[in-house]
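Heads up: the structure comes next, in structure tokens.
The chains referred to below are lettered A, B, ... by the order of the sequence lines, with proteins before strands, and numbering in each begins at 1.
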Number of protein chains: 2
Amino acid sequence: MSVLPNRDRQAERREATRREIVEAAWEIARAEGLSSVTLREVAARVGMRSPSLYTHFASKNAIYDAMFGEAWSEFLQVTLERTASLPKAPRVALLAMSETFFDFAVADLARFQLMNQRVIPDFQPSPESYAPSVATLERLREVLDRLGVDQPEAVDLYVSLVGGLVDSQLANDPGGDRWRRLLPRAMDMFADHLGLPGPPLRSTQRST
Amino acid sequence: MSVLPNRDRQAERREATRREIVEAAWEIARAEGLSSVTLREVAARVGMRSPSLYTHFASKNAIYDAMFGEAWSEFLQVTLERTASLPKAPRVALLAMSETFFDFAVADLARFQLMNQRVIPDFQPSPESYAPSVATLERLREVLDRLGVDQPEAVDLYVSLVGGLVDSQLANDPGGDRWRRLLPRAMDMFADHLGLPGPPLRSTQRST
DNA sequence: GTCTATAAAAGGATAGAC
DNA sequence: GTCTATCCTTTTATAGAC
């Protein structure tokens with residue numbers, strides 16, 4: 001019957017409600033597009049009226065902000081797990097990482113747009129929500145460096161290369177694998193360029 | 001004083017008004033974002049009231065459709081001009097093309113989003129507006145083939161590579177050139193991968 | 001071809017009762 | 001913490017006069 005446990009339970013309940021709201025917003029974003037998220041529909045999905053959302057979020061953009069932070073936190077976690085133990089061979093490791101990133105990005109267009117593109121004109125992530133994205137890139141640099149990708153420009157090139165394949169996949173063949181199948185070739189190209197050791201991931205093939 | 005000249009003038013005037021409307025929509029899209037285009041503001045910019053727009057376009061999405069078609073037509077024209085006479089050396093030609101594409105894409109975020117990303121949830125381009133994008137890719141395949149990039153997968157890789165650099169530039173360094181500077185390196189990497197002849201575009205540099 | 005008037009809906013956000 | 005009530009704005013689109 002002490003006070004603190006009650007406070008804890010209240011805080012937990014509050015946090016759970018916040019999560020419910022954000023999850024409802026994700027559902028709408030996935031189904032109807034990021035810009036189609038409305039407070040009314042979010043509220044309806046959690047069994048509330050829209051004004052009640054203001055108890056938990058200061059504005060609609062605050063919900064987008066929570067979504068942004070959550071998405072990058074998830075990606076950071078995926079990154080940390082995937083990079084905790086990588087294959088020794090640099091090329092194999094590069095491919096494993098790329099496939100992880102690719103699959104995460106391609107699994108959810110709305111999430112990808114919120115994380116990496118500027119779809120909501122007046123939305124700017126807060127420093128707290130931005131932090132996990134910085135941490136992710138930091139971790140990526142660290143791992144790439146250990147694989148022999150030690151030039152900053154090469155890291156930029158790697159990010160662009162994988163990101164470009166994701167983009168093409170989402171834009172031109174959503175749900176398919178036309179660009180995902182290019183990952184081994186792309187990683188070989190990249191590894192060859194940097195002179196990374198090891199046998200090629202795929203047998204070199206001629207055009208005819 | 002014949003009839004047909006009058007008809008012609010009317011048709012010209014009508015077409016000019018359509019162009020004015022689309023140009024006003026572009027201005028708003030560039031200034032406030034693609035999804036912030038509203039009929040009221042478009043109308044205001046051309047000195048009309050919003051209902052009058054329906055004389056020229058059946059719906060708001062019809063305006064987006066005209067914008068989409070116009071953007072790809074411009075890009076097709078830029079592509080045709082740039083590829084009409086290319087440097088003989090494959091690597092130099094690749095770089096020249098990439099720089100043209102990159103600069104066109106990076107010059108206008110709203111245009112890039114409308115052309116290549118799915119920012120407006122319920123917008124689907126009409127076949128007529130989609131046509132110039134098909135023609136552009138066709139022309140690209142043709143030119144790349146002549147440069148020695150004759151595998152379909154290599155074309156996909158090229159498109160992703162340049163597109164990824166554009167994406168990174170727009171997302172992480174808008175207005176800058178951090179990723180544009182990587183174009184020569186990226187083209188060398190790509191050319192090396194395909195065994196294209198010619199000296200590298202940039203001197204090979206070590207990491208230390 | 002453009003206007004006024006207006007529909008009809010939906011949007012984000014606030015005030016104040018409970 | 002959630003509600004009702006409501007504000008005020010904005011949105012796309014239509015009807016009908018001129």
query = Within the pair A/T38 and C/dG11, is there a side-chain N or O less than 4.0 Å away from OP1 or OP2?
reply = yes
inquiry  = Strictly distance-based, threshold 3.5 Å: is any side-chain N or O of A/R18 a donor or acceptor partner for the main-chain N or O of A/H56?
reply    = yes
task = Under 4.0 Å between any heavy atoms, over every strand shown, what does A/V37 touch: base, sugar-phosphate, or nothing? Just pick one.
result = sugar-phosphate
remark   = A/D122 CG to C/dA13 C1', in whole Å, measures 14 Å
request  = Could you work out which one of D/dT2, C/dA13, D/dT14 sits closest to the side chain of B/P51?
outcome  = D/dT14
request  = Could you say whether A/A58 or A/S36 is positioned toward the 5' end of DNA chain C, judged by the nucleotide with the nearest heavy atom to each?
outcome  = A/S36
key: Sugar-phosphate only, base, or nothing, as touched by B/V46 at under 4.0 Å among non-hydrogen atoms   = nothing
query = Taking only N and O in the side chain of B/R49, is any of them less than 4.0 Å away from OP1 or OP2 of C/dT4?
reply = yes
ask   = Should the pair B/R111 and B/F104 be classed as cation-pi, given the thresholds of under 6.0 Å to the six-membered ring centre and 45° from the axis?
value = yes
Between C1' of C/dG11 and CG of A/L53, the distance in whole Å = 13 Å
query = Under 4.0 angstrom, heavy atoms only, what part of the nucleic acid is B/T17 near: base, sugar-phosphate, or nothing?
reply = nothing
Side-chain H-bond candidate by donor/acceptor type, A/T136 with A/S133, under 3.5 Å = no
task = Give a yes/no answer on whether the side chain of B/S52 brings an N or O atom under 4.0 Å of OP1 or OP2 in C/dG1.
result = no
key: Of the listed nucleotides C/dT2, C/dA13, D/dA13, the one nearest the side chain of B/H56   = C/dT2
ask   = In whole angstrom, what separates B/R40's CZ from C/dA10's P?
value = 17 Å
message = Could you tell me how far apart B/L39 (CG) and C/dA10 (C1') are, to the nearest whole angstrom?
response = 15 Å
request  = Take the protein atom NZ of B/K60 and the nucleotide atom P of D/dT14, then report the distance between them rounded to whole Å.
outcome  = 15 Å
message = Without decimals, in angstroms, what is the distance between A/R9 CZ and D/dG1 C1'?
response = 17 Å
task = Starting at atom CD1 of B/I28, determine the distance to atom C1' of D/dT10, rounded to an integer number of angstrom.
result = 14 Å
task = Nearest whole angstrom, please: distance from the P of D/dT12 to the CG of B/N61.
result = 10 Å
ask   = Closest heavy-atom contact between A/L95 and A/M187?
value = CA-CG, 3.9 Å
Phosphate OP1/OP2 of D/dG1 contacted by A/R14 side-chain N/O (<4.0 Å) = yes
ask   = Below 4.0 angstrom, N of the basic side chain to O of the carboxylate: do A/E23 and A/R45 qualify?
value = no
